[in-house]
Student: 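Submitted below is the structure of interest, expressed as structure tokens.
Order of appearance sets the numbers: ligands from 1, and atoms from 1 within every ligand. Numbers here are sequence positions counted from 1.
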Amino acid sequence: MSDTPVKIALFGPGTVGSQVARLLTEQSADLASRVGAPLEVVGVYVRDIGKDRVGLDPALLTDDADALIAKADVVVELMGGIEPAKSIILKAIAAGAGVVTANKALLAAHGPELYEAADAANVDLYFEAAVAGAIPIIRPVRESLAGDHVRRILGIVNGTTNYVLDEMTARGLDYEVAVKQAQDLGYAEADPSADVDGFDAAAKAAILASLAFHQRVPLGDVYREGISAITAADVAAATDSGHVIKLLAIAERTGEGGDGGVSVRVHPALVPLSHPLASVHGAYNAVFVEAEAAGDLMFYGQGAGGTPTASAVLGDVVSVARHIARGGRGPRESHYGDLPVLPISASSSRFQLRMTVPDRPGVLAAIAAMLAQSGVSIETVRQQAGGVGTGLATLAIATHRAPESDVTAVLDALRSSDAVTEIRSVLRIEGE
Ligand SMILES: NC(=O)C1=CN([C@@H]2O[C@H](COP(=O)(O)OP(=O)(O)OC[C@H]3O[C@@H](n4cnc5c(N)ncnc54)[C@H](OP(=O)(O)O)[C@@H]3O)[C@@H](O)[C@H]2O)C=CC1
Ligand SMILES: N[C@@H](CC=O)C(=O)O
Ligand code: NA
């Protein structure tokens with residue numbers, strides 16, 4: 001064991017950072033033995049030194065980022081957002097410090113620049129907490145599966161939306177009430193739109209897809225739909241058809257041998273109750289990976305919250321600090337392929353189309369003809385009477401797998417047809 005401490009600088013003592021600071025103190029003896037040297041927190045960067053921060057030694061607080069970077073071996077960035085986080089990480093790398101971050105927004109938007117800077121400076125850049133919080137998923141995809149060929153990833157990677165959808169399903173809670181609870185529990189981002197509109201999941205999908213497919217996936221190429229349009233009626237209809245609604249991050253190779261391109265998308269989906277992802281409740285996350293040699297793998301655990309996320313951050317701190325104390329370096333960037341990232345119109349899924357229709361002879365035949373004309377094959381049809389005297393019925397049509405562009409054409413036809421009163425929901429069915 002070396003006596004020379006590895007110097008840690010913490011940027012952002014918020015929900016996650018305060019727990020990292022606490023655990024660094026409480027577990028200092030264990031951490032030292034795992035690293036092979038003691039860890040010393042040399043400073044905590046804040047924007048307001050005067051603010052009361054429970055559990056933090058006031059003597060460690062500083063608002064001088066450059067001076068703190070200059071004395072650090074490892075910079076732990078837990079501020080979030082793009083700036084000043086990006087400049088701080090680049091300065092840390094340039095100064096030869098290893099970096100640990102949980103900042104998926106930054107990595108999804110500017111990852112390549114940061115990875116290349118770390119490679120050029122020969123320093124570590126670790127980011128396990130950036131995807132699915134406490135769940136080890138970056139390491140497995142980046143290292144353990146580096147010798148395999150990942151075909152598809154289906155992930156519940158946003159705790160807030162899973163919590164909201166689960167509360168709506170299990171307790172019949174209103175959407176707004178469930179969102180407020182998720183904020184109070186510390187799952188939601190400062191701006192909950194990052195969660196409910198799918199931005200957070202899209203950032204994680206871009207990071208995961210890049211690592212899994214050794215392919216740069218720009219955030220702008222990730223198709224994104226959030227959960228704010230999901231109604232109590234959608235949730236009830238999902239239950240009736242043996243599904244549950246989940247916000248999924250999906251990354252898959254397409255075409256013969258997976259060489260056609262990659263499709264990366266985030267949207268609510270109907271997941272059959274028999275699929276392992278259907279039993280992921282509350283703010284829990286899970287990532288289901290389909291790999292050619294390994295087969296199916298599932299990684300499950302807490303994807304949000306201060307202490308669980310701090311666990312992933314500390315795992316990275318130990319790795320980086322160990323390299324500083326004993327030599328070595330973490331994984332470097334892959335050589336990237338040049339498969340296209342396909343637009344949503346080029347993907348295909350099964351769909352459930354729910355609509356209100358006039359309850360009269362010939363309606364079902366007319367709707368079936370419109371699907372047939374676009375080449376979309378029907379798997380099941382369920383009809384429910386719309387109530388005495390309404391003259392309406394509800395139709396739920398599940399399709400076989402069909403190209404998104406064909407389903408868009410069907411929807412256009414249905415919307416302009418007098419055989420359909422209202423399209424109530426269009427949900428992809430995934431995980432079958
Ligand atoms: N919360 C979670 O469950 C998870 C979070 N993450 C990621 O971890 C990171 C941190 O998240 P979280 O702890 O929730 O965020 P918080 O908002 O709770 O904490 C952010 C901290 O950074 C400080 N900070 C923010 N901007 C600045 C700035 N411009 N200058 C100086 N200090 C700044 C804040 O200071 P002040 O106290 O003064 O406001 C606060 O201490 C984010 O990248 C997030 O995406 C990842 C997985 C899960
Ligand atoms: N807001 C995020 C927190 C972690 O990334 C979530 O809800 O999962
Ligand atoms: Na993780």
Side-chain angles (χ1 to χ4, degrees), residues 10-21 44-54 56 61-65 68 76-89 100-109 126-142 155-166 178-179 181-183 185-204 207-208 211 227 247 249 266 280 282-287 299-316:
L10 175 61
F11 286 73
T15 305
V16 181
S18 60
Q19 296 310 309
V20 169
V44 178
Y45 176 75
V46 293
R47 43 186 163 193
D48 177 5
I49 293 195
K51 186 170 158 185
D52 195 20
R53 297 175 195 269
V54 180
L56 277 180
L61 300 181
T62 176
D63 56 6
D64 186 344
L68 183 54
V76 182
E77 184 280 304
L78 296 170
M79 296 185 294
I82 305 297
E83 285 294 356
K86 181 181 171 208
S87 302
I88 285 168
I89 290 177
V100 175
T101 179
N103 194 333
K104 58 258 169 169
L106 176 61
L107 292 170
Y126 275 68
F127 48 93
E128 181 59 71
V131 178
I135 305 174
I137 184 64
I138 296 294
R139 248 188 205 78
V141 172
R142 199 184 191 189
I156 295 172
V157 292
N158 183 268
T160 302
T161 46
N162 202 56
Y163 176 86
V164 169
L165 292 169
D166 198 42
V179 170
Q181 284 186 8
Q183 279 177 301
L185 288 163
Y187 304 144
E189 299 293 312
D191 173 4
S193 138
D195 297 301
V196 298
D197 294 329
F199 291 102
D200 176 77
K204 292 166 179 168
I207 296 168
L208 270 185
L211 295 174
I227 63 162
L247 183 74
V266 169
V280 177
Y284 275 78
N285 283 194
V287 183
F299 302 84
Y300 169 84
Q302 297 191 62
T307 306
T309 307
S311 161
V313 172
L314 280 176
D316 284 353

Student: Please assess I88 against M79 for the test side chain to side chain contact (heavy atoms under 4.5 Å, CB included), listing each intermediate value before the final yes or no.
Tutor: CA-CA 10 Å; I88 285 168; M79 296 185 294; 3.4 Å; yes

Student: Please work out, at 4.0 Å between heavy atoms, whether the side chain, the backbone, both, or neither of Y45 comes within that distance of ligand 1.
Tutor: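 Only the side chain of Y45 comes within reach of ligand 1.
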
Student: Between N162 (side chain only) and V280 (backbone N and O only), is there a donor and an acceptor less than 3.5 Å apart?
Tutor: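 A pair under 3.5 Å: yes.
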
Student: Show the atoms of ligand 1 that are less than 4.0 angstrom away from any heavy atom in G305.
Tutor: 2 (C), 3 (O)

Student: Within this structure, what is the OG1-CG distance for the pair T62 and L68, rounded to the nearest 0.5 Å?
Tutor: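 So the OG1 of T62 and the CG of L68 are separated by 6.0 Å.
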
Student: When you measure from the Na ion (ligand 3) to the N, O or S atoms of V131, does any of those distances fall below 3.0 Å?
Tutor: yes

Student: What atoms of ligand 1 come closer than 4.0 angstrom to any heavy atom of P84?
Tutor: 29 (N)

Student: For T309, which part has a heavy atom under 4.0 Å from ligand 1: side chain, backbone, both, or neither?
Tutor: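 Answer for T309: side chain.
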
Student: Regarding ligand 1, does T15 bring an N or O atom to under 3.5 Å of one of the ligand's N or O atoms?
Tutor: yes

Student: Would you indicate which of A102, A85, A194 comes nearest to atom 8 (O) of ligand 1 when only heavy atoms are counted?
Tutor: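 The nearest heavy atom belongs to A102.
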
Student: Under 4.0 Å between a Lys/Arg side-chain N and an Asp/Glu carboxylate O for D316 and R139?
Tutor: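 Yes, this pair counts.
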
Student: If you take all heavy atoms of V20 and L314, which pair is closest and at what distance?
Tutor: CG1-CD2, 4.3 Å

Student: For ligand 2, which atoms, with element, lie under 4.0 Å from some heavy atom of D195?
Tutor: 1 (N), 2 (C), 6 (C), 7 (O)

Student: Is the side chain of E83 donor-acceptor paired with the backbone N or O of S87 at a distance under 3.5 Å, no angle test?
Tutor: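 The answer is yes, because a donor-acceptor pair under 3.5 Å joins these two groups.
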
Student: For ligand 1, which atoms have a heavy atom of A129 less than 4.0 angstrom away?
Tutor: 46 (C), 47 (C)

Student: Mind checking whether T160 contacts ligand 2 via backbone (N, CA, C, O), side chain (CB onward), both or neither, at a 4.0 Å heavy-atom cut-off?
Tutor: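 Under 4.0 Å from ligand 2, T160 contributes backbone and side-chain atoms.
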
Student: Ignoring hydrogens and angles, tell me if any N or O in the side chain of D166 forms a donor-acceptor pair with the backbone of G282 under 3.5 Å.
Tutor: yes

Student: Mark up the atoms of ligand 1 that fall under 4.0 Å of a heavy atom belonging to L78, in ascending order.
Tutor: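 Checking each atom against L78, I get 10 (C), 20 (C), 21 (C), 22 (O).
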
Student: Closer than 3.0 Å to the Na ion (ligand 3), do we get an N, O or S atom from G133, backbone or side chain?
Tutor: yes

Student: Examine ligand 1 and decide if any of its atoms is less than 4.0 Å from a heavy atom belonging to P13.
Tutor: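 The answer is yes, since P13 has a heavy atom less than 4.0 Å from ligand 1.
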
Student: Show the nearest heavy-atom pair for residues A134 and A312, with the distance to one decimal.
Tutor: CA-CB, 4.1 Å

Student: Which atom pair, heavy atoms only, marks the closest approach of I207 to I138?
Tutor: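 Looks like CG2-CD1, 4.1 Å.
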
Student: Please lay out, stage by stage, how V76 and L78 fare under the test side chain to side chain contact (heavy atoms under 4.5 Å, CB included).
Tutor: CA-CA 6 Å; V76 182; L78 296 170; 3.8 Å; yes

Student: Judged by non-hydrogen atoms, does G133 sit under 4.0 Å from ligand 2?
Tutor: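 G133 does not count as a contact of ligand 2 under the 4.0 Å cut-off.
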
Student: Answer yes or no for R53: is there a heavy-atom contact with ligand 1 below 4.0 Å?
Tutor: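 It does; at least one heavy atom falls under 4.0 Å.
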
Student: Would you indicate which of E77, Q19, R47 comes nearest to atom 24 (N) of ligand 1 when only heavy atoms are counted?
Tutor: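 Nearest heavy atom to atom 24 (N) of ligand 1 lies in R47.
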
Student: When you measure from the Na ion (ligand 3) to the N, O or S atoms of I135, does any of those distances fall below 3.0 Å?
Tutor: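 Of the N, O and S atoms in I135, at least one lies under 3.0 Å from the Na ion (ligand 3), which means yes.
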
Student: Under 3.5 Å between any N/O of D48 and any N/O of ligand 1: does that happen in this structure?
Tutor: no

Student: Going by the order shown, which atoms of ligand 1 are within less than 4.0 Å of some heavy atom of V16?
Tutor: 1 (N), 2 (C), 4 (C), 5 (C), 13 (O)

Student: Give a yes or no on whether the backbone of I137 and the side-chain of E128 come within a donor-acceptor separation of less than 3.5 Å.
Tutor: yes

Student: State the CG-OH distance between D63 and Y45, to the nearest 0.5 angstrom.
Tutor: 7.0 Å

Student: Would you mind listing which atoms of ligand 1 come within a distance below 4.0 Å of any non-hydrogen atom of A304?
Tutor: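 Result: 3 (O).
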
Student: Determine yes or no for a side-chain-to-main-chain donor-acceptor pair under 3.5 angstrom, with N103 supplying the side chain and G81 the backbone.
Tutor: yes

Student: K104 heavy atoms, cut-off 4.0 Å: which ligand 1 atoms fall inside?
Tutor: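 The list of qualifying atoms is 6 (N), 7 (C), 44 (C), 45 (O), 46 (C), 47 (C).
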
Student: Kindly assign one of parallel, tilted or perpendicular to the pair Y284 and Y300, based on the angle between their ring planes and the thresholds 30° and 60°.
Tutor: parallel

Student: For ligand 1, which atoms have a heavy atom of G14 less than 4.0 angstrom away?
Tutor: 13 (O), 18 (O), 19 (O), 21 (C), 40 (C), 41 (O)

Student: Starting from atom 5 (O) of ligand 2, what is the nearest protein heavy atom, named by residue and atom, and what distance separates them?
Tutor: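 Result for atom 5 (O) of ligand 2: K104 NZ, 2.4 Å.
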
Student: Find the distance between CD1 (I156) and CG (L247) and round it off to the nearest 0.5 Å.
Tutor: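 Here the interatomic distance stands at 9.0 Å.
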
Student: Say whether N285, considering both its backbone and side-chain N or O atoms, lies within less than 3.5 Å of an N or O atom on ligand 2.
Tutor: no

Student: Heavy-atom pairs closer than 4.0 Å: do any link ligand 1 to the side chain of A105, the backbone, both, or neither?
Tutor: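 Neither part.
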
Student: Can you sort out which atoms of ligand 2 are near G159, meaning under 4.0 Å from one of its heavy atoms?
Tutor: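 Under 4.0 Å from G159, ligand 2 has these atoms: 6 (C), 7 (O), 8 (O).
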
